[in-house]
Amino acid sequence: MENFKILGLDLAGSPKRKTGYAYLENGKLQVGVLFQDEDILNLAKNFKLVMIDAPLSLPEGRVSLEDIGPHFRECDIKLRKMGIKFFPLTLGPMRMLTKRAISIKDTLSKEGIHSIETFPGGLYDIYKVNRKEKDAIKNLYKKLGFYLEEREYFQDELDAVACLISGIRYVSSKAIILDGKDGLIVI
């Protein structure tokens, strides 16, 4: 599995905020934060698959985030039917995140790197773990066989681990795939 080289990214909407990253190296979990797109892209070029916690597509019928159009993609509707709460990509701050994520996805695609949208909140909900309770999240990771070193973690870092786990489950054919004609979310 490690040879597949998966990167988990909890992308921030702005380079001024922390983007968490997580990946496995020699069986050890590597976790940290980056800020600038250039740094994110430099790290991502070492991976075959990048799992990104951010919308990577627009709803069908919507030309841009500035135009009027549908607010939800088919995958969003499927997520909502599962009882998983999320912010629509057309909501204020989500617009900036969506633009940044699509730009990063497009750049990675030109480099031959596949990126897939994921949602840590969905993973936490499925495992019945409070999304902001760091100790409970770390205990979940331990149960799943992912060991974090003893230190304080930013929520962005913990969410990046969830992205990584979703990527590992995806390549192992054990993930939940919510797809539609206008997008895909993997949990």
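Residues: numbered from 1 along the sequence shown. This one's a predicted model, so the numbers in the text were calculated from it and none came from an experiment.
In this structure, the side chains of K45 and I113 come closer than 4.5 Å at one or more pairs of heavy atoms. Between Q155 and K134 there is a side-chain heavy-atom pair separated by less than 4.5 Å. With a 4.5 Å cut-off on side-chain heavy atoms, F119 and L79 count as touching. Residues D39 and F35 form no side-chain contact, since every pair of their non-hydrogen atoms from C-beta on lies 4.5 Å or further apart. Residues K142 and Y147 form a side-chain contact, since some pair of their non-hydrogen atoms from C-beta on lies under 4.5 Å apart. Inter-residue side-chain proximity for D10 and L158 is flagged as unmet; no heavy-atom pair is nearer than 4.5 Å. Between I126 and I187, the closest side-chain pair of non-hydrogen atoms falls below 4.5 Å. Counting heavy atoms from C-beta on, the side chains of I116 and Y170 come closer than 4.5 Å.
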Evaluate V186 against L184 for side chain to side chain contact (heavy atoms under 4.5 Å, CB included), listing each step before the verdict. CA-CA 7 Å; V186 170; L184 169 83; 4.2 Å; yes

Take L123 and L140 through the side chain to side chain contact (heavy atoms under 4.5 Å, CB included) test and state the conclusion after the steps. CA-CA 10 Å; L123 183 120; L140 169 65; 4.3 Å; yes

What do the steps show when you test M82 against L178 for side chain to side chain contact (heavy atoms under 4.5 Å, CB included), and what is the final call? CA-CA 10 Å; M82 289 178 66; L178 306 169; 3.7 Å; yes

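Atom CZ of F154 is surrounded by 12 or fewer heavy atoms from other residues, nucleotides or ligands within 6.0 Å.
Annotation: side-chain contact (heavy atoms from CB on, under 4.5 Å) contacts of S57 (sequence neighbours excluded): R73. With sequence neighbours excluded, the residues that form a ring pair (Phe, Tyr, Trp, His ring centres under 6.0 Å) with F47 are Y23.
Here the CG atom belonging to L97 is positioned 9.0 Å from the CG atom belonging to L89, to the nearest 0.5 angstrom. In this structure, L9 CG and T118 OG1 are separated by 11.0 Å, a value rounded to the nearest 0.5 Å. Rounding to the nearest 0.5 angstrom, the gap separating the CG atom in D53 from the SG atom in C163 is 4.5 Å. In this structure, CG in L29 is found 10.0 Å from CD in E157, a value given to the nearest 0.5 Å. Interatomic distance, CD of Q30 versus CD of E149, reported as 8.0 Å (0.5 Å rounding). Note that CG of L56 is 9.5 Å distant from SG of C75, once rounded to the nearest 0.5 Å.
Figure legend: R80 and F72 shown as a cation-pi pair, the cationic atom lying under 6.0 angstrom from the six-membered ring centre and within 45 degrees of its axis.
Salt-bridge check for E133 with K138: failed, with every basic side-chain N at 4.0 Å or more from each acidic carboxylate O. Ionic pairing of E66 and K99 is present here: one or more N-O contacts between side-chain nitrogen and carboxylate oxygen are shorter than 4.0 angstrom. Ion pairing between R100 and D37 holds under the 4.0 Å rule for side-chain N and carboxylate O.
Evaluation of the salt bridge (charged side-chain N to carboxylate O under 4.0 Å, His left out) test over residues 170-187, restricted to residues two or more places apart or in two chains, returns E60-K181, E74-K181, K78-D179.
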